[in-house]
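Down below is the structure, laid out as structure tokens.
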Amino acid sequence: GMDSPTVVVGTDVCGTAAILAAAKAVSDLKDSGADCVLFVIMAGANSYGNALQAGEGGDFRDIMDGILAGKIKALVAAEADPLSGCPDAARAGKAFSSLETLVVLDYVNSETARRADVFIPAAHCAETSGAFINQEGRAQAFERAYIPGIPIGQMGEPGLHPPRVPRA
């Protein structure tokens with residue numbers, strides 16, 4: 001009801017200013033006696049699970065600091081495109097250019113993948129079984145829907161799609 005509202009804000013499009021404004025709105029509502037909560041929608045599937053795995057190891061800004069200071073010489077990006085998703089793209093580009101080795105494991109062509117010294121194809125979630133951790137911290141299991149390695153063209157009308165062949 002109106003006495004216990006939930007303020008929902010995303011992290012993808014809105015940016016820091018919107019998140020801070022939403023937090024202020026929750027604070028103001030609480031000050032007026034409402035039992036209000038803030039619900040932050042994280043960017044991308046399994047963002048919450050990734051955050052749990054990261055622990056207290058620092059954030060991407062800390063990683064860029066380490067690269068630019070010469071303390072981090074190699075980086076592995078697993079199904080992540082920090083060069084496209086980083087708010088400070090110029091600094092991230094400079095940091096990644098100074099890496100000795102960038103290894104990317106992914107199933108999409110991305111800015112980060114295009115800069116990789118080593119690219120390792122990964123299975124898409126439709127090609128494997130696994131689990132994501134949702135916004136509430138609950139595991140959400142999924143099953144394989146597609147058998148990897150079979151060209152898409154063999155699964156339907158021939159000639160619609162070329163076979164999936166890893167290449168440089």
Side-chain angles (χ1 to χ4, degrees), residues 9-19 40-168:
V9 64
T11 58
D12 253 13
V13 178
C14 300
T16 306
I19 296 167
V40 179
I41 300 173
M42 299 177 80
N46 206 36
S47 291
Y48 189 82
N50 290 336
L52 289 174
Q53 287 180 328
E56 300 298 321
D59 61 15
F60 187 61
R61 283 182 297 251
D62 296 331
I63 292 171
M64 285 194 302
D65 290 344
I67 294 169
L68 291 168
K71 294 178 182 174
I72 297 174
K73 302 198 182 291
L75 187 70
V76 177
E79 296 182 10
D81 184 18
L83 289 174
S84 294
C86 180
D88 190 352
R91 185 166 186 257
K94 181 180 176 188
F96 274 54
S97 293
S98 66
L99 284 168
E100 289 179 15
T101 307
L102 174 61
V103 178
V104 176
L105 295 87
D106 214 330
Y107 52 85
V108 295
N109 186 13
S110 67
E111 180 63 28
T112 305
R114 284 189 287 277
R115 288 195 180 211
D117 298 301
V118 177
F119 179 82
I120 301 171
H124 184 274
C125 62
E127 299 174 328
T128 186
S129 300
F132 291 124
I133 306 297
N134 73 7
Q135 296 282 135
E136 294 178 307
R138 295 177 192 223
Q140 307 262 276
F142 59 88
E143 295 298 322
R144 180 177 70 191
Y146 172 79
I147 300 169
I150 296 176
I152 294 171
Q154 291 180 13
M155 297 188 73
E157 188 177 325
L160 287 179
H161 298 281
R164 288 183 53 192
V165 178
R167 56 193 178 274

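Side-chain atoms are counted along with the backbone in the values below, which use heavy atoms only and exclude waters and symmetry mates.
- Between the side chain of Gln135 and the backbone N or O of Val40 there is at least one donor-acceptor pair closer than 3.5 Å.
- Smallest separation of non-hydrogen atoms from Met64 and Ala92: SD-CA, 3.3 Å.
- Put simply, the side chain of Arg144 does not reach to within 4.5 Å of the side chain of Thr128, judged on heavy atoms.
- Heavy atoms of other residues, nucleotides or ligands lying less than 6.0 angstrom from CZ of Arg61 number 12 at most.
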Go through it in stages, so that I can follow the logic: the residues are Asp81 and Arg115, the test is salt bridge (charged side-chain N to carboxylate O under 4.0 Å, His left out), and I'd like the CA-CA distance, side-chain angles, deciding distance and then a yes or no.
CA-CA 11 Å; Asp81 184 18; Arg115 288 195 180 211; over 6 Å; no
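- Expressed to the nearest 0.5 Å, how far CD of Glu79 lies from OG of Ser110 amounts to 11.0 Å.
- Contact of the Thr112 side chain with the Ser84 side chain is not registered, since no non-hydrogen atoms from C-beta on lie closer than 4.5 Å.
- Taking CG from Asp62 and CG from Asp59, the interatomic distance works out to 4.5 Å, rounded to the nearest 0.5 Å.
- Taking all atoms of both residues into account, the shortest heavy-atom contact from Leu75 to Phe96 is CD2-CZ, 3.5 Å.
- Contact record, Ile72 with Leu99: O-CD2, 4.0 Å, taken as the closest heavy-atom pair.
- Here the OG1 atom belonging to Thr101 is positioned 10.5 Å from the NZ atom belonging to Lys73, to the nearest 0.5 angstrom.
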In a table with atom names and distances, give each donor-acceptor pair under 3.5 Å that connects a side chain of residues 136-143 to protein atoms at least two apart or in another chain.
{"unit_1": "Glu136", "atom_1": "OE1", "unit_2": "Arg138", "atom_2": "NE", "d": "3.3"}
{"unit_1": "Glu143", "atom_1": "OE1", "unit_2": "Ser129", "atom_2": "OG", "d": "3.3"}

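- Across all their heavy atoms, Ala116 and Val104 have their closest contact at CB-CG2, 3.6 Å.
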* Working for side-chain contact (heavy atoms from CB on, under 4.5 Å), residues Ile67 and Arg91 -> CA-CA 11 Å; Ile67 294 169; Arg91 185 166 186 257; over 6 Å; no
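- Taking the side chain as every heavy atom from C-beta outward, Ile133 and Asn46 approach each other to under 4.5 Å.
- Shown here for Tyr107 and Ala123, the closest heavy-atom pair between the two residues is CD2-O, 3.8 Å.
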